[in-house]
Each structure stands twice: as C-alpha cells, then as structure tokens.
Amino acid sequence: MTHQTHAYHMVNPSPWPLTGALSALLMTSGLTMWFHFNSSTLLILGLLTNSLTMYQWWRDVVRESTFQGHHTAVVQTGLRYGMILFILSEVLFFAGFFWAFYHSSLAPTPNLGGYWPPAGINPLNPMEVPLLNTLVLLASGVSITWAHHSLMEGNRKHSLQALLITISLGIYFTLLQTSEYLEAPFTISDGIYGSTFFVATGFHGLHVMIGSTFLTICLLRQLKFHFTSKHHFGFEAAAWYWHFVDVVWLFLYISIYWWGS
Amino acid sequence: MAAAAAVGTRVSRLLGRSLPQQGRPMSSGAHGEEGSARMWKALTYFVALPGVAVSMLNVFLKSHHGEHERPEFIAYPHLRIRSKPFPWGDGNHTLFHNPRVNPLPTGYEDE
C-alpha cells in the first residue's frame with residue numbers, strides 16, 4: 001500500500017519542533033545571561049534559531065499544502081480550530097494585563113496619592129495620536145475585509161491593493177506608537193502606571209508587528225498565486241489575527257487611554 | 001454619535017445601489033456574494049481612509065511643536081523606580097528615554 005485511504009495529513013518527520021524547543025531554551029537562558037551577567041550571546045543565538053525555526057517550519061506548511069495538496073477539507077477544519085484556540089490563548093494572555101491594570105487603577109494606593117492617574121503622571125491626551133491610532137486600525141479592518149472579498153471574487157488586482165493598504169496602515173500604526181513612546185513624559189519605571197501602560201501597549205505593539213508580518217507573507221503568497229478564491233486559509237488566519245489585534249487595541253484605548261486618564 | 005449615523009446611512013445607500021446587481025442570475029457555480037467586494041472597497045476609500053485623514057489633521061492642529069514648557073521635577077518615591085539597573089547602557093535610562101521630557105531619578109539631565 002503506497003497511498004493513504006483517509007483524508008488526514010500524516011506529516012513527515014521534521015526537525016523543526018526540536019529546533020524550536022532548543023531555541024526556546026536558548027532564549028530563556030539567554031535572557032538570564034543578559035539580565036544578570038551582561039552577556040547577550042546566548043540570547044542572540046536563541047533569537048536567531050527561533051527565527052530560522054519559524055521560517056522553515058511555516059515554509060514546509062506552505063510546501064505541504066499549496067504544492068503537495070495535503071490540506072483537504074478536514075485538515076483545514078483542524079487548522080481553523082487550531083488558529084481559533086491560539087487566538088483564544090492570546091485573549092487570555094492580554095486579559096491578565098487588563099486585570100493588572102484594573103486592579104491597580106480601581107483602588108489607587110495611598111503612595112500614588114489615592115487617585116488615578118497617580119500623582120506626578122501626565123497621561124497622553126486620548127483625543128490626539130491615540131485617537132488617530134484607533135482610526136488607523138479600524139480602517140485596516142475595513143481594508144482587510146475588502147481584500148478578503150476581492151480574493152473570494154477572484155479579483156487579483158484588488159486583493160493585492162487592499163492587502164497593501166492594510167499592511168501600510170499597520171506600519172503607520174507602529175510608527176505612530178514608536179513616536180508616542182519616545183515623546184511620552186512618563187516611562188516604564190514610573191510605578192504601576194508606567195508598568196501597566198507600557199507592558200500592555202508594548203505587547204500589543206509586538207502583536208501588531210507580528211500581524212503585519214503575517215499579512216506581508218500573505219501578500220507575497222498572493223503575488224505568487226498560492227491562493228485560490230475558494231482555498232486561502234492562510235489569509236483567513238492572518239485576517240482573524242489582525243481583527244484580534246484591532247479589538248485588543250479598542251480595549252486598550254477605552255480602558256487605559258480614555259478611562260485611565 | 002452623528003458620525004456613526006452618517007456611516008450607517010452611507011452603508012445602506014451603498015447596499016441599495018448594489019442590490020439590482022445581486023439580482024442577476026449566476027450561472028457558474030458557487031460565488032462569493034457579488035458586489036460585496038465593491039462595497040468594502042467603497043467603505044475603504046470613502047469612509048475609512050478619509051476618517052484617518054481627518055484624524056491626522058486633528059493631530060496636526062492640536063500639536064504644539066517645540067513646546068518648551070515641561071512639568072517641574074518633583075522627586076516622588078513612587079516614580080522613576082530603579083530596583084535593579086536596566087541591562088543596557090548605564091542601566092539608568094529607560095529604553096525609549098527622551099532627555100527633554102523624561103527626568104532621571106535625580107532630575108532632568110539638562111538642568
């Protein structure tokens with residue numbers, strides 16, 4: 001018997017789970033060496049092996065699906081469940097930081113002055129750049145929906161155009177936030193206000209960069225004709241992730257930037 | 001909010017305009033809803049991107065370039081915390097440190 005009689009994908013043996021696990025070890029021990037012993041070698045090695053693992057693992061998934069046809073309907077269903085569960089885990093990750101923010105801001109301690117924002121903190125005006133950031137991400141949600149519909153209707157030119165607009169908006173957001181970080185009168189070391197603000201918005205920014213990268217991969221794949229109008233789960237997964245990033249920002253904006261000022 | 005209501009009527013006007021197209025017979029198998037990409041394209045160019053442009057204008061109008069006034073430095077113990085040095089530079093500057101607006105625990109650097 002040289003062919004399978006089921007619709008599932010029995011993946012060939014691969015070294016990437018091992019290299020991924022090793023890269024995780026290198027990154028964690030590398031952080032320790034960097035924090036406590038002023039050495040960044042292990043950390044750099046860890047980041048390098050991590051990037052290589054991600055690149056090669058996901059390259060293999062594209063090979064198995066687009067070029068070898070292993071992604072049948074049931075396999076795609078499994079991938080959908082997987083992406084949904086992953087995003088759910090990310091929601092819970094952010095929930096922790098929102099918990100921390102509300103815990104500290106709803107009952108400000110005496111050493112902060114008993115009020116929020118704490119004494120000595122001048123929060124950013126939510127009606128200036130943060131509002132622009134909100135509209136930028138909301139607009140990117142509209143353009144990515146246009147991209148998806150164009151893809152489903154087989155309009156190559158429009159799907160590429162819309163994806164490009166979405167990615168540009170994502171990059172614009174990142175640039176705006178970087179500028180905000182550099183101009184903010186408060187820092188991460190400014191007590192619990194600084195900690196909650198920069199950890200929550202910082203992780204969000206990291207996710208914007210990850211999402212933008214994912215979308216860029218989709219753009220490159222669409223340029224290379226990988227997607228069909230019926231089968232483009234990679235794009236859908238990127239779109240779900242992007243909407244998730246947008247929603248997290250909305251919660252950040254309302255809680256930390258607006259209510260928290 | 002008036003803006004949201006304006007968006008709503010615009011969307012329904014767009015949908016109204018595309019309805020005759022959706023009524024035409026489709027012979028070649030399963031399609032995505034015809035005309036919906038057109039609606040999202042219109043939303044992108046007539047609502048989303050102009051919204052961003054207006055907001056950019058708002059930021060520009062509200063910005064005070066070259067503002068020299070900054071809050072007086074008060075050495076609050078709950079701010080500028082240094083439990084352990086940062087792993088970069090001299091260990092006393094945050095990652096996005098801006099000497100003009102971020103004082104060190106001892107005060108502004110340029111005073």
Side-chain angles (χ1 to χ4, degrees), chain A residues 31 34-36 38 40 109 111-113 118-122 125 127-129 131-136 138-155 158-159 161-162 165 169 172 176 178 181-195 198 229-230, chain B residues 29-64 67 70-88 91-98 100-105:
Chain A
L31 274 174
W34 186 50
F35 287 153
H36 298 281
N38 195 34
S40 40
T109 57
N111 76 320
L112 300 176
I121 294 283
N122 294 310
N125 186 343
M127 294 303 155
E128 293 180 13
V129 175
L131 181 61
L132 174 57
N133 273 341
T134 305
L135 290 187
V136 166
L138 285 173
S140 72
V142 173
S143 61
I144 200 175
T145 307
W146 172 32
H148 191 193
H149 283 263
S150 302
L151 191 53
M152 289 191 289
E153 288 178 17
N155 193 327
H158 284 175
S159 65
Q161 200 183 114
I165 291 175
L169 287 168
Y172 186 38
L176 284 168
T178 308
Y181 271 27
L182 287 165
E183 294 292 316
F186 53 87
T187 70
I188 197 173
S189 62
D190 284 330
I192 194 62
Y193 183 88
S195 297
F198 284 103
S229 59
K230 295 283 182 304
Chain B
H31 265 284
E33 202 189 286
E34 284 289 322
S36 58
R38 195 164 146 255
M39 178 186 85
W40 287 102
K41 177 180 177 182
L43 279 172
T44 300
Y45 283 118
F46 292 114
V47 178
L49 292 179
V52 169
V54 165
S55 192
M56 283 169 76
L57 182 67
N58 176 50
V59 167
F60 174 73
L61 291 172
K62 281 199 174 148
S63 73
H64 314 281
E67 195 173 307
R70 69 185 175 195
E72 178 202 338
F73 175 73
I74 302 170
Y76 284 116
H78 67 280
L79 300 181
R80 271 100 35 188
I81 294 174
R82 298 286 187 271
S83 335
K84 75 152 67 66
F86 291 107
W88 53 75
N92 200 26
H93 294 76
T94 59
L95 196 59
F96 293 86
H97 178 77
N98 181 343
R100 194 181 61 83
V101 290
N102 302 136
L104 297 183

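Model, not experiment: these values are computed from the prediction. Just the heavy atoms: all of them, side chains too, but no hydrogens, waters or symmetry mates, feed the values below.
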Just give me the residue among [options] that pairs up with chain B most often, heavy atom to heavy atom, under 4.5 Å.
| options | result |
| --- | --- |
| G191(A), A119(A), P185(A), S143(A) | A119(A) |
| L132(A), L176(A), L135(A) | L132(A) |
| S159(A), G120(A), S150(A) | G120(A) |
| M127(A), H148(A), H36(A) | M127(A) |
| L151(A), N155(A), L138(A), I165(A) | I165(A) |
| N111(A), T145(A), L169(A) | T145(A) |

Out of L95(B), T44(B), V52(B), return the one with the most heavy atom pairs under 4.5 angstrom to chain A.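 If we count pairs closer than 4.5 Å to chain A, T44(B) comes out on top.
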Could you tell me whether a side-chain N or O of [X] sits under 3.5 Å from a main-chain N or O of [Y], the two making a donor and an acceptor?
| X | Y | value |
| --- | --- | --- |
| E128(A) | S63(B) | no |
| N58(B) | V54(B) | no |
| D190(A) | R80(B) | yes |

Segment of I81(B) engaging chain A (4.5 angstrom heavy-atom cut-off):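 Contact with chain A: backbone and side chain both.
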What part of V59(B) is in contact with chain A, defined as an atom under 4.5 angstrom from a non-hydrogen atom: side chain, backbone, both or neither?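 Side chain of V59(B) only, per the 4.5 Å heavy-atom cut-off to chain A.
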Relative to chain B, which segment of Y172(A) carries a heavy atom at a distance below 4.5 Å: side chain, backbone, both, or neither?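 Only the side chain of Y172(A) comes within 4.5 Å of chain B.
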Aromatic centroids of Y45(B) and W146(A) separated by under 6.0 Å: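 Yes, the ring of W146(A) comes within the 6.0 Å limit of the ring of Y45(B), centre to centre.
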Centres of the F198(A) and F96(B) rings: under 6.0 Å?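 So the answer is no for these two rings.
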Are R100(B) and E183(A) close enough for a salt bridge, meaning some N to O gap below 4.0 Å?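 Looking at E183(A) together with R100(B), the answer is yes, because their closest N to O distance falls below 4.0 Å.
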Classify the ring geometry of F86(B) against W88(B): parallel below 30°, tilted from 30° to 60°, perpendicular beyond 60°.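 Ring orientation of F86(B) relative to W88(B): parallel.
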